[in-house]
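First comes the structure, then the notes that go with it.
A quick note: this is a predicted structure, and the numbers were derived from the prediction, not measured.
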Amino acid sequence: MNKHLLRVALLAAIIGAPAATAAQDRNAQIQGFGGFTMRGISAAPTFGGNVAIPLTRNIQVVAEGGRLTDIMSPTLATLLDFTPVDLRLSALYGQAGVRFIGAPSSAVRPYAEATGGLARLRTGVDGLGLRTDAGFNTALRFLDRTAPMLGLGAGVVLQGGPVFVDLGYRFQQIRSDNALQSILSGGDLTVSQVRLGVGVRF
């Protein structure tokens with residue numbers, strides 16, 4: 001009886017070893033990131049987080065949320081630097097898509113991804129006085145709009161144990177039909193992101 005159990009356990013270990021190795025290549029992951037959003041020569045901080053769920057060894061479904069802190073038209077932002085008024089256009093966004101991974105078993109894994117989602121655009125103003133700023137910002141809340149968002153990205157993941165570092169680039173476009181936000185953004189809003197993420201596979 002004991003010999004029979006030993007044989008079954010040994011057989012299960014032999015069969016399960018490749019599956020365990022494959023499972024290591026298909027772990028889900030979660031990460032937080034920070035970096036810079038760039039429009040022309042201007043740059044502003046950005047931050048967020050994402051989750052990736054494997055479909056195959058080379059394909060993941062990715063869901064991400066974050067904040068773009070200053071996405072004004074660079075020309076308009078430069079002109080406003082000469083005035084006491086500080087106008088801001090920012091966005092909270094959520095998107096999902098597909099990531100294609102190269103060398104999934106390697107400690108260095110390049111990837112490319114395509115995403116789509118929604119961005120909540122928000123306009124704010126400072127520099128007119130506390131009461132005036134508060135009044136304008138309350139009125140501007142009625143102009144907040146949710147707009148479709150598309151993104152393309154690429155990067156490389158550096159893995160060490162369960163912890164990894166993600167060095168990435170993203171190109172994102174937000175399409176808004178709000179007249180004021182279109183003026184502030186200079187038309188269709190496109191941004192580039194350079195980011196550094198740290199996460200865990202589990």
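Annotation for Leu92: hydrophobic cluster partners, listed by chain and number, are none (ILVMFWY side-chain heavy atoms under 4.5 Å, direct or chained). Hydrophobic side-chain contacts under 4.5 Å tie Val165 into a cluster, directly or through other members, with Val108, Val156, Leu158, Leu167, Leu196.
Arg175 is not listed as a side-chain neighbour of Met149, based on a closest heavy-atom distance of 4.5 Å or more.
Every residue two or more places apart in sequence or in another chain that forms a side chain to side chain donor-acceptor pair (under 3.5 Å) with Tyr111 is listed here: Asp166, Arg170. Residues satisfying the side chain to side chain contact (heavy atoms under 4.5 Å, CB included) criterion with Thr146, sequence neighbours excluded, are Leu118, Arg120. Judged as a side chain to side chain donor-acceptor pair (under 3.5 Å), and not counting sequence neighbours, Ser90 has no contacts. Residues passing the salt bridge (charged side-chain N to carboxylate O under 4.0 Å, His left out) test with Arg99 are Glu113, sequence neighbours excluded. Listed by chain and residue number, Tyr169 satisfy the side chain to side chain donor-acceptor pair (under 3.5 Å) test with Ser192 (two or more places apart in sequence, or in another chain). Annotation: side chain to side chain contact (heavy atoms under 4.5 Å, CB included) contacts of Val98 (sequence neighbours excluded): Ile59, Phe100. Every residue two or more places apart in sequence or in another chain that forms a side chain to side chain contact (heavy atoms under 4.5 Å, CB included) with Ile53 is listed here: Ala28, Val51. With sequence neighbours excluded, the residues satisfying side chain to side chain contact (heavy atoms under 4.5 Å, CB included) with Thr37 are Thr46, Leu68, Ile71, Val191, Gln193.
Atom CZ of Phe164 is surrounded by more than 12 heavy atoms from other residues, nucleotides or ligands within 6.0 Å.
Both Leu89 and Tyr93 are members of a single hydrophobic cluster when ILVMFWY side chains are connected at heavy-atom separations under 4.5 Å.
Applying the salt bridge (charged side-chain N to carboxylate O under 4.0 Å, His left out) test to pairs two or more places apart or on separate chains, none has a residue in residues 151-161. The list of side-chain hydrogen bond (donor to acceptor under 3.5 Å, both in side chains) pairs with a residue in residues 149-161, not counting sequence neighbours, reads Arg109-Gln159.
Across Ala91 and Leu121, no two heavy atoms sit closer than the pair CB-CD2, 3.7 Å. Met38 approaches Ala43 most closely through the heavy-atom pair CG-CB, 4.0 Å. The two residues Gln60 and Ile101 come nearest to each other via the heavy atoms CD-CD1, 3.3 Å.
With rounding to the nearest 0.5 Å, the separation of CG in Asn50 from CD in Gln31 is 4.0 Å.
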Go through it in stages, so that I can follow the logic: the residues are Phe33 and Val198, the test is side chain to side chain contact (heavy atoms under 4.5 Å, CB included), and I'd like the CA-CA distance, side-chain angles, deciding distance and then a yes or no.
CA-CA 6 Å; Phe33 63 83; Val198 178; over 6 Å; no
